[in-house]
Protein chains: 2
Amino acid sequence: MATIKEVAKEAGVSVATVSRVLNGNGYVHEDTRKAVDAAIKKLDYRPNEIARSLFNRKSKLIGLVIPDITNPFFPELARGVEDFLQEQGYRLIIGNSDENREKEINYIETFIQHNVIGMISTSGEDTSLWEALKIPVVLLDRVTENYPSVYADQAGGGRLAAEILLARGSNNITLLRGPQHVRTAQERFLAALDVLGRSNAVFQVVNTSFSFKGANETAKQLFDMYPETDGIVASNDIVASAVLREALKRGKNIPENLQIVGFDDIPVCELLYPALSTIHQPAYQMGAEAAKLLIENILHSSNEAKQIVLPVSFKERETTRKVEM
Amino acid sequence: MATIKEVAKEAGVSVATVSRVLNGNGYVHEDTRKAVDAAIKKLDYRPNEIARSLFNRKSKLIGLVIPDITNPFFPELARGVEDFLQEQGYRLIIGNSDENREKEINYIETFIQHNVIGMISTSGEDTSLWEALKIPVVLLDRVTENYPSVYADQAGGGRLAAEILLARGSNNITLLRGPQHVRTAQERFLAALDVLGRSNAVFQVVNTSFSFKGANETAKQLFDMYPETDGIVASNDIVASAVLREALKRGKNIPENLQIVGFDDIPVCELLYPALSTIHQPAYQMGAEAAKLLIENILHSSNEAKQIVLPVSFKERETTRKVEM
DNA sequence: TTGAAAGCGTTACCAA
DNA sequence: TTGGTAACGCTTTCAA
């Protein structure tokens, strides 16, 4: 790697001058600029970001902590973040926290050590982690008040899911509740519960985890306990898939006798047969918005607690009945 | 952030001494060490990795380029890489290349600018990219001879898939070929083709992309052209899912009248109904092995072209018939 | 319009 | 066993 010193020598100028043309600062004569540019090109010089970073006390690096890249909802989010950042010349350091506080702290520490200039986190449960940080933080998906946040309208989604089922004629509805410590899950649940409560449909609640393993078991119990159920509001798409599988196994006709609505709209949905009707969260867009907000806050060195709520929508596929308009 | 200078002042010693206790180098009196440790703790000091990196001309950062984090095979890989690296105290900078040379080059450049000490790439198509680099590179999944590589036994997998179908009684087999420029796809295909060629089963070949979009169309054509087919060797699980969907739509009995074998064993497989039988690639382990090999090469500053081939296995689920032993 | 030099936080050499 | 200091590659102030 060529250094600025070599470029300076090649161009017959001082390093200060090279630095100026590099950054477009200060005065530099047109001819000098040309000579420097030529030297840069000739030596295929690229500034050492580390040295820059040391001097400026900031880098071009952004930290991203997600619970688990292996959960299909998050890659979509991450991709949105990455694409936006990449475009703006920033780079991503990524860490999987497994919803584990220790791990997240560990990542945050090394982010700081690397002069990361901002971070995006998807675990708003514990705000104390970032309060000490002097870099902008944006919360994504799992958010908290008073912090810059980007999330999808969970309550709206929960409501929508319940309404969809009601409007399409289910009247013995099972509402699946995700992990209670996951805020998004809780919000969806509460909103759906509210809608159901105001309806005259029969309904019941069943607790689920968010992973397929547990969900499979839960699905069995669900149909054992409530064989009459004709509509299911799932806590997320993974759980919905498990329920769908179990229902198919038991020979249920879907959507004729049983309707299912998922949540998230992960890519899997389209792969299933029948394809899963679900509440779509604009994950990619959420990621991009979060990145955008973060960059704004970095540039204005503010940490404005803007709340960006993105709308969800119903993705009608094959596990719900058509309704004539 | 406290600096080494502040720690030195707090402990009443020079920065050189602090550096020594930090790195466990040279002599330092037990009492001095204690004083320094106390100061470190008191100030909650953490070394600035950027400054270290500048001096050492190397960082703790590893670059990872994957085609698309959104394709469910890669997060698994990435997770394997990340977990191993994390454990060893390294950090990951990640980039999505979209199989685009430009983008990959761009990432490599910025990796270098950040003093990345090694990188893992999942696009072995073009070796010229890394030849100029003086940092160790490990190829993962999409590999090339003469480069340190970690991959799963594609040919073995292709062979296995074909044999499975044959052994389970399919005798009108459709072999799906993935994109020809993707080496892994080609190897699977060729091996399966060879097995089929040596059998006395009827078979035909159909080209597919790796994405769901195209696959859906292809699936339709497949059944239009070869309605008699009773066994399908898919190019990957996404394609297999599309085929499964289409088959179900057309009312085929699976696995009684039609068997399907996928490739990869992405998490989706278990979510389908019937669950997809497939050739399992140990993606997580592949990622971990690649990370391990990379770290070895970094530590011995070699770039030994070790080839690590991981075995694949048949994951028997519900789209193939049981065979009595 | 240009260059010299200080400084960013660290490490490692050399002297003490 | 310890401290002073140059150096890593860059940016920015100050002076020329």
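Quick note: numbers below take in every heavy atom, side chains included, and nothing from hydrogens, waters or symmetry partners. Every chain is numbered from 1, with letters handed out A, B, ... down the list of sequences. Because the structure is predicted, anything quoted here is derived from the model rather than measured.
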A:Asn23 side-chain N/O to A:Asn25 backbone N/O, donor-acceptor pair under 3.5 Å
no
Think B:Lys292 forms a cation-pi with B:Phe84, using NZ or CZ under 6.0 Å from the six-ring centre and within 45 degrees of its axis?
no
Heavy atoms within less than 4.0 Å of DNA chain C: which residues of residues 55-62 of chain A have one? Give them sorted by number.
A:Phe55, A:Arg57
When we call it a touch if two heavy atoms are under 4.0 Å apart, what does B:Thr3 touch: a base, just sugar-phosphate, or nothing?
sugar-phosphate
If you compare every side-chain N and O of B:Asn25 against the phosphate oxygens of C:dA12 (OP1, OP2), does one of them come in below 4.0 Å?
yes
Could you tell me whether A:Arg91 and A:Glu49 make a salt bridge, using a distance below 4.0 angstrom between a side-chain N and a carboxylate O?
no
Quick check on C:dT2: is either OP1 or OP2 less than 4.0 Å from any side-chain nitrogen or oxygen of A:Ser14?
no
Are any of the side-chain nitrogens in A:Glu30 or A:Arg33 under 4.0 Å away from the carboxylate oxygens of its partner?
yes
Okay, side chain of B:Asp68, backbone of B:Thr70: is any donor-acceptor separation there less than 3.5 Å?
yes
Taking the minimum atom-to-atom distance to the side chain of B:Asn23, which one of D:dT1, C:dC8, C:dT11 wins?
C:dT11
Considering only side-chain heavy atoms of B:Thr17, which listed nucleotide, D:dG3, C:dG9, D:dT5, is closest?
D:dG3
Contact class for B:Ser53 vs. all strands (heavy atom < 4.0 Å): base, sugar-phosphate, or nothing?
nothing
When you measure from the side chain of A:Asn71 to the backbone N and O of A:Phe73, does any donor-acceptor pair fall under 3.5 Å?
yes
Counting only side-chain heavy atoms from C-beta out, which of D:dT11, D:dT1, C:dT10 sits nearest to B:Ile4?
C:dT10
Could you pick out which residue, B:Gly12 or B:Ala51, lies toward the 5' side of DNA chain D when each is mapped onto its nearest nucleotide?
B:Gly12
Taking only the side-chain heavy atoms of B:Arg20 (C-beta and beyond), determine which of C:dT11, D:dC10, C:dC13 contains the nearest atom.
C:dC13
For C:dG3, does either OP1 or OP2 sit under 4.0 Å from a side-chain N or O belonging to A:Tyr27?
no
Which of these nucleotides, D:dT11, D:dG3, C:dT11, is closest to any side-chain atom of B:Ala16?
D:dG3
